[in-house]
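FYI, side chains are in, hydrogens and waters are out, and symmetry mates aren't considered; it's all heavy atoms of this structure.
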Amino acid sequence: MIKVENLKKSYSGRTVVDIPSLTLKGGEIVGLTGRNGAGKTTLLRLILALTKADTGCVLSDGINVARSERWKDFTGAFLDDSFLLDFLTPTEYFRFIGRLTGLSPSASEGCVAPYASLLEGVDDVLLRHLSAGCRQRTGLVAALMRSPRVVILDEPFTYLDAPSCETLTELLRAYIAAHPEALILLTSHDAGLLSRLCTRRLVMEDGRLSTASDR
């Protein structure tokens with residue numbers, strides 16, 4: 001589903017991503033962990049063509065993400081608040097996301113319905129007036145609502161309380177069970193959580209990847 005080849009990215013002479021080869025397949029929940037500054041978010045931004053690579057490429061379902069936007073049709077992502085439109089309410093935001101793929105307001109509401117448990121307690125006021133946790137939950141639902149084949153999430157459990165973390169964990173498990181061809185790639189500092197949730201875990205250090213150990 002996603003293939004990385006000779007991917008490198010540097011800032012101010014410091015290499016933050018250096019991945020000769022990586023293949024992520026459908027049916028996986030892949031967890032990426034590592035210290036702050038290890039390059040995790042930069043890797044996600046390269047996969048989403050939000051950052052330009054110095055060398056190499058990212059292929060999503062065979063599509064070079066830097067040369068075509070066709071991969072956006074089957075990709076859902078939430079990295080941070082910049083993905084939100086804070087002058088909209090959650091309902092308006094979901095309708096906006098749905099409209100990008102031709103969904104009517106009622107169809108958008110139907111796509112959001114399976115994730116109602118994650119939105120419990122989220123008021124339908126302007127996103128800028130919501131807590132960080134409520135904004136996080138809104139962004140996560142927006143990433144999932146179109147049933148994308150590729151889901152990219154950066155620290156999705158940040159700002160969530162314990163019940164919401166458990167709800168999200170169960171929703172992601174249910175998602176991959178209902179969409180066995182899908183790929184979920186997420187980052188987290190919580191190695192224990194990744195161990196319970198993910199089918200595959202990777203560790204990033206100084207821009208390089210290694211397979212996580214269960215020891």
Side-chain angles (χ1 to χ4, degrees), residues 1-4 7 9 16-48 50-51 58 60 74-81 83 114-115 117-119 132-145 147-215:
M1 184 67 71
I2 290 179
K3 189 172 184 180
V4 170
L7 192 66
K9 181 65 181 179
V16 293
V17 170
D18 183 0
I19 303 175
S21 179
L22 174 66
T23 300
L24 306 177
K25 300 178 180 179
E28 292 189 303
I29 302 179
V30 181
L32 180 61
T33 191
R35 293 177 295 181
N36 289 337
K40 304 185 299 298
T41 298
T42 301
L43 174 57
L44 298 192
R45 292 181 64 83
L46 288 165
I47 291 173
L48 295 170
L50 296 173
T51 298
V58 176
S60 186
F74 54 82
T75 303
F78 184 68
L79 303 190
D80 54 42
D81 266 9
F83 278 55
Y115 308 104
S117 58
L118 193 59
L119 295 172
C134 288
R135 291 196 301 272
Q136 181 87 354
R137 288 188 278 157
T138 299
L140 293 170
V141 171
L144 295 168
M145 61 174 280
S147 299
R149 297 202 310 273
V150 176
V151 179
I152 309 290
L153 306 173
D154 193 14
E155 295 288 347
F157 297 94
T158 301
Y159 306 123
L160 301 189
D161 55 24
S164 295
C165 285
E166 185 61 28
T167 297
L168 178 59
T169 298
E170 292 307 315
L171 285 174
L172 293 178
R173 286 175 178 154
Y175 188 91
I176 210 72
H179 306 87
E181 78 290 352
L183 164 68
I184 298 175
L185 172 62
L186 59 90
T187 69
S188 177
H189 287 96
D190 190 332
L193 186 153
L194 293 184
S195 180
R196 296 191 301 273
L197 172 62
C198 298
T199 58
R200 181 179 175 192
R201 293 183 296 133
L202 302 172
V203 177
M204 199 160 194
E205 184 174 358
D206 296 328
R208 294 179 175 271
L209 290 176
S210 61
T211 301
S213 170
D214 289 320
R215 290 180 299 173

N36 vs H189, test: side chain to side chain contact (heavy atoms under 4.5 Å, CB included). Steps then yes/no. CA-CA 9 Å; N36 289 337; H189 287 96; 2.9 Å; yes

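- Side-chain contact between D190 and L194 is absent, with no heavy atoms from C-beta onward closer than 4.5 Å.
- For the atom pair NE2 (H179) and CD1 (I184), the distance works out to 9.5 Å, reported to the nearest 0.5 Å.
- When side chains are defined from C-beta on, L48 counts as touching T75, because their heavy atoms get closer than 4.5 Å.
- Side chain of K40 to main chain of R35: a donor-acceptor pair is present (N/O by atom type, distance under 3.5 Å, no hydrogens or angles).
- R201 places none of its side-chain heavy atoms less than 4.5 Å from the side chain of T211.
- Note that the CG atom of L193 and the SG atom of C198 stand 7.5 Å from one another [nearest 0.5 Å].
- Nearest heavy-atom pair, L171 versus S117, reported as atom, atom and distance to 0.1 Å: CD1-OG, 4.0 Å.
- Side-chain atoms of R200 and I29, non-hydrogen and from C-beta on, never get closer than 4.5 Å to each other.
- Atom OG of S147 is separated from atom OH of Y175 by 5.0 Å, given to the nearest 0.5 angstrom.
- Of all heavy-atom pairs between F83 and A77, the closest is CD2-O, 3.4 Å.
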Report the C-alpha distance between T167 and R137 in whole Å, list the side-chain angles of each, state the deciding distance to 0.1 Å, and finish with yes or no for side chain to side chain contact (heavy atoms under 4.5 Å, CB included). CA-CA 11 Å; T167 297; R137 288 188 278 157; over 6 Å; no

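- Residues L144 and Y115 come closest through the heavy atom pair O-OH, 3.6 Å.
- The minimum heavy-atom distance linking S60 with F74 is given by the pair OG-CE1, 3.4 Å.
- Counting only distance, with no hydrogens or angles, the side chain of S164 and the backbone of L160 share no donor-acceptor pair below 3.5 Å.
- By the 4.0 Å N-to-carboxylate-O rule, E28 lies too far from K25 to be salt-bridged with it.
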Run the numbers on F157 and T169 for side chain to side chain contact (heavy atoms under 4.5 Å, CB included), then give the verdict. CA-CA 9 Å; F157 297 94; T169 298; 3.5 Å; yes

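- Proximity of a side-chain donor or acceptor of S195 to a complementary backbone N or O of A191 within less than 3.5 Å is not detected.
- Nearest heavy-atom pair across L140 and L168 is CD1-CD2, 3.8 Å.
- L197 contributes atom CG, which lies 6.0 Å from atom CG of L186 (distance to the nearest 0.5 angstrom).
- Counting all heavy atoms, side chain and backbone alike, P148 lies closest to A143 at CG-O, 3.4 Å.
- The shortest side-chain heavy-atom distance between L43 and L7 falls under the 4.5 Å cut-off.
- Put simply, the side chain of T33 gets close to the backbone of S188: a donor and an acceptor are under 3.5 Å apart.
- Within the model, atoms CE of M1 and CG of L183 stand 6.5 Å from one another, a figure rounded to the nearest 0.5 Å.
- Here the CG-CD1 distance, from L185 to I152, works out to 4.5 Å after rounding to the nearest 0.5 Å.
- Panel note: side chain T187, backbone D154; no donor-acceptor pair is recorded below 3.5 Å.
- The only option from I47, L202, V30, V58 that meets the side chain to side chain contact (heavy atoms under 4.5 Å, CB included) definition with L22 turns out to be L202.
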Does D80 form a side chain to side chain contact (heavy atoms under 4.5 Å, CB included) with T41? I'd like the steps, not just the answer. CA-CA 10 Å; D80 54 42; T41 298; over 6 Å; no

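- No side-chain heavy atom of L209 sits under 4.5 Å from any side-chain heavy atom of V203.
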